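The block underneath contains the structure these notes are about, expressed in C-alpha cells.
Just so we're on the same page: letters track the sequence lines, and every chain starts at 1. Since this is a predicted model, take the numbers as computed values, not measurements.
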Protein chains: 2
Amino acid sequence: MDAAAPRTRIQEKNRKAILGAALNVFSEAGFRGATLDRIAAEAGLSKPNLLYYFPSKEAIHVALLTGLLDLWLDPLRTIEPAGDPADEIVGYVLRKLDMARQFPRESKLFANEIVQGAPRIMDIVEGPLKSLVDEKAALIRGWSAAGRIADIDPYHLIFSIWATTQHYADFDAQVHGILGPGDGHFTDAAQFLDHLYRRALAPG
Amino acid sequence: MDAAAPRTRIQEKNRKAILGAALNVFSEAGFRGATLDRIAAEAGLSKPNLLYYFPSKEAIHVALLTGLLDLWLDPLRTIEPAGDPADEIVGYVLRKLDMARQFPRESKLFANEIVQGAPRIMDIVEGPLKSLVDEKAALIRGWSAAGRIADIDPYHLIFSIWATTQHYADFDAQVHGILGPGDGHFTDAAQFLDHLYRRALAPG
DNA sequence: CGTCTCGTTGACCAATTGGTCAATTCTTTG
DNA sequence: CAAAGAATTGACCAATTGGTCAACGAGACG
C-alpha cells in the first residue's frame, strides 16, 4: 500500500487527521517530546488504530516532512531568471516571510529536525534541496556577474533569508517575549527585510 | 546550599563535569531527548551520584541556561553609544557570528529551548533580556533619529542579527549539507554579513 | 443474508527513564 | 586514630511510552 495513495475514504480522512495532529504535536514538542498517545488523542483515534495507518512514530514523522517539503521549497522555486533580479529576490524574501506567518507549525517542524542534526532528512538536504539551492545560487551569481545586483555570495544570501524569515516562526516565543503578543510584527518585519535586502542587492 | 557556590573541591570538579556533559547532551538531543544516564556517563558519574549534585534533570537544565546567559548576551552589551554607530553594530554582528563558531553547543541549547516555547526561561526573556534589548534598541533608534544611520526598526535589526548569526550554529547540519563540511564557511559568512549590514545601515 | 475485507480496540508487553534509598566508602578534621 | 560528614553506589520503583495481538464490530458486495 502506497502511503500517499489511500484506498478508501475512511483511510483518506484518518490519514489526514493523523498528519494534522502529528503536525501540531511534533512542531510543538519535537520528535522525542511527541507521544503517540497525544497524537492519537488529537486525531480522535485510539493508539492501536493510529498504528493501523502508520507502522511507527518515525513513519508519521517522515511522512509529514516529505509531504510538506514541496510546500516549503515552493517560494524558492519561483525565483525566475526572467524578472528583475532585486524584485525576484525581495519577492522571495516576502513570500518566505509570509510562509512563516501562515505556516509556523511547518517551520518549527523543520527547525526541530534540523537543529537535532536532520537525522531523518539529511538525504533530502544533500540531494534535492542542495540541487535546488545550487541552481538558484548559480542564477543569482549570474546576476551579480552581469552587474545587475551587487557582488555577494548567493549561498549566504539564501541562508540569511531562511534565517531572518523563519526566525519569526521558530523563535516566536522570544519575539513575543520582547515585542509583546500579536500578529502585527510581521508587517514591521516585512518592511525591515525589504529595506535590508533592497539595499544589499543594489549594484555598485 | 547555593548551587553557584560549591563548598568543596570535589563538588566544584563534579559540578563542572556535569554541566559540561549536560551541555553536550542537551544541545545535541534537546531537553526531552537527553537522558540522565547519558549525562552521568559522559560526566564519569553514576546516575545517583549525579542526582546528589543536582536535584533533578530540570535543575541541571536551568543551571546551564542561567549560567550561560551572561556569556550569551555579552556581545550585545558591548554596543556602546560612544563609538561610530555602523561600526558598533557591524562589530556586534561579527562578535555574534564568532560566538556561533566558538560556542555552537551553547547556541543550540538556547535554540532548542526557545523553539519549544522557552518554557523554562520565559521569565528571563521577558525580564532581563527584554530590558537589555529595549536599552540597545533605544540607542539605535537615537542614532537613526540623529541621521547617523538609516531609519530602520531596531528590534527587527537585532532579531535579524540573531537569526543570521546563530543560523550557522543551530542549523549547521543544513549549512554543511549544502556547502559541504568544514569550518571555512564562517569566513564567507562574515564577509557577507559585513556587506549586508554595512549597506543597510548607511544613512540616507 | 452471508461472507469477506476493512477498521477498531482493550489488554498487554518490554524497554526506557527520572528519581529514591539504605548502605557503604572515602575525606576531613579534632 | 576516631568520629563526623561528604561522596558514591547497587538495587529498586513507578510512570511513561512505542508497539503488539487477538478478538470484535462495521461496511461492502455477491
Side-chain angles (χ1 to χ4, degrees), chain A residues 1-65 112-113 116 119-120, chain B residues 1-65 112-113 116 119-120:
Chain A
M1 180 174 68
D2 185 351
R7 295 275 184 268
T8 77
R9 246 151 265 142
I10 291 181
Q11 275 188 31
E12 192 174 355
K13 188 194 65 169
N14 282 344
R15 271 180 179 277
K16 265 186 195 153
I18 291 169
L19 290 176
L23 177 57
N24 276 334
V25 179
F26 279 129
S27 67
E28 195 179 295
F31 183 77
R32 290 278 321 242
T35 70
L36 290 182
D37 289 279
R38 205 183 137 196
I39 296 174
E42 273 191 40
L45 299 174
S46 67
K47 187 167 61 169
N49 199 12
L50 182 153
L51 287 164
Y52 172 75
Y53 291 99
F54 289 90
S56 70
K57 182 183 178 180
E58 185 156 344
I60 302 176
H61 197 240
V62 171
L64 251 190
L65 288 167
N112 264 307
E113 177 70 7
Q116 308 281 328
R120 280 164 265 271
Chain B
M1 180 174 66
D2 185 349
R7 295 274 184 270
T8 76
R9 247 151 264 140
I10 292 182
Q11 275 186 30
E12 192 176 355
K13 188 193 66 169
N14 282 344
R15 281 191 112 86
K16 265 187 193 151
I18 291 170
L19 290 175
L23 177 58
N24 276 335
V25 178
F26 279 130
S27 67
E28 194 179 295
F31 183 77
R32 289 280 320 242
T35 71
L36 290 181
D37 290 279
R38 206 183 136 197
I39 296 173
E42 273 192 40
L45 299 174
S46 67
K47 186 167 63 169
N49 200 12
L50 182 152
L51 287 164
Y52 171 76
Y53 290 98
F54 289 89
S56 68
K57 182 182 178 181
E58 185 154 345
I60 303 176
H61 196 240
V62 170
L64 251 190
L65 288 167
N112 264 307
E113 177 69 6
Q116 308 281 328
R120 280 164 267 271

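- With a 4.5 Å cut-off on side-chain heavy atoms, B:F54 and B:I18 count as touching.
- Within the 4.0 Å cut-off from OP1 or OP2 of C:dG7, at least one side-chain nitrogen or oxygen of A:T8 is found.
- Side-chain atoms of A:K57 and base atoms of D:dG19 include no donor and acceptor less than 3.5 Å apart.
- For the pair A:L64/A:F26, a side-chain contact is recorded, criterion being any heavy-atom separation below 4.5 Å from C-beta on.
- In this structure, CZ of A:R32 is placed 9 Å from C1' of C:dT16, rounded to the nearest angstrom.
- When rounded to the nearest whole Å, the span between CG of B:L45 and P of D:dA7 equals 12 Å.
- Taking only side-chain nitrogens and oxygens, A:Y53 comes nearer than 4.0 Å to OP1 or OP2 of C:dT8.
- Taking atom CG of residue A:L36 and atom P of nucleotide C:dC12, one finds them 20 Å apart after rounding to whole Å.
- Within the nucleic acid shown, A:A59 has no heavy atom closer than 4.0 Å to any nucleic acid atom.
- Atom-to-atom, NZ of B:K47 to P of D:dC12 comes out at 14 Å; the value is rounded to the nearest Å.
- Toward the 5' end of DNA chain C, the nearer of the two residues B:I10 and B:F31, judged by each one's closest nucleotide, is B:F31.
- Nearer the 5' end of DNA chain D, as judged by each residue's closest nucleotide, is the contact made by A:G33, out of A:L51 and A:G33.
- Atom CG in A:L23 sits 10.5 Å away from atom CD1 in A:I39 (nearest 0.5 Å).
- Spacing between atom CZ of B:R15 and atom C1' of D:dA7 amounts to 13 Å, rounded to whole angstrom units.
- Interatomic distance, CZ of A:R38 versus NZ of A:K47, reported as 15.0 Å (0.5 Å rounding).
- Counting only heavy atoms from C-beta on, A:P48 has its side chain closest to C:dG10 among C:dG18, C:dG10, D:dG10.
- A sub-4.0 Å separation between OP1 or OP2 of C:dG7 and a side-chain N or O of A:Y52 is present.
- Rounded to a whole Å, the CG atom of B:N49 is 14 Å from the P atom of D:dA6.
- Side-chain N or O atoms of B:E42 include none that pairs as donor or acceptor with a backbone N or O of B:V25 at under 3.5 Å.
- In this model, the phosphate group of D:dA7 is approached by a side-chain N or O of B:Q11 to a distance below 4.0 Å at OP1 or OP2.
- One can place CG of A:L50 at 17 Å from C1' of D:dC21, the figure rounded to the nearest angstrom.
- Protein atom CD1 of B:I18 is 12 Å distant from nucleotide atom C1' of D:dT8, rounded to whole Å.
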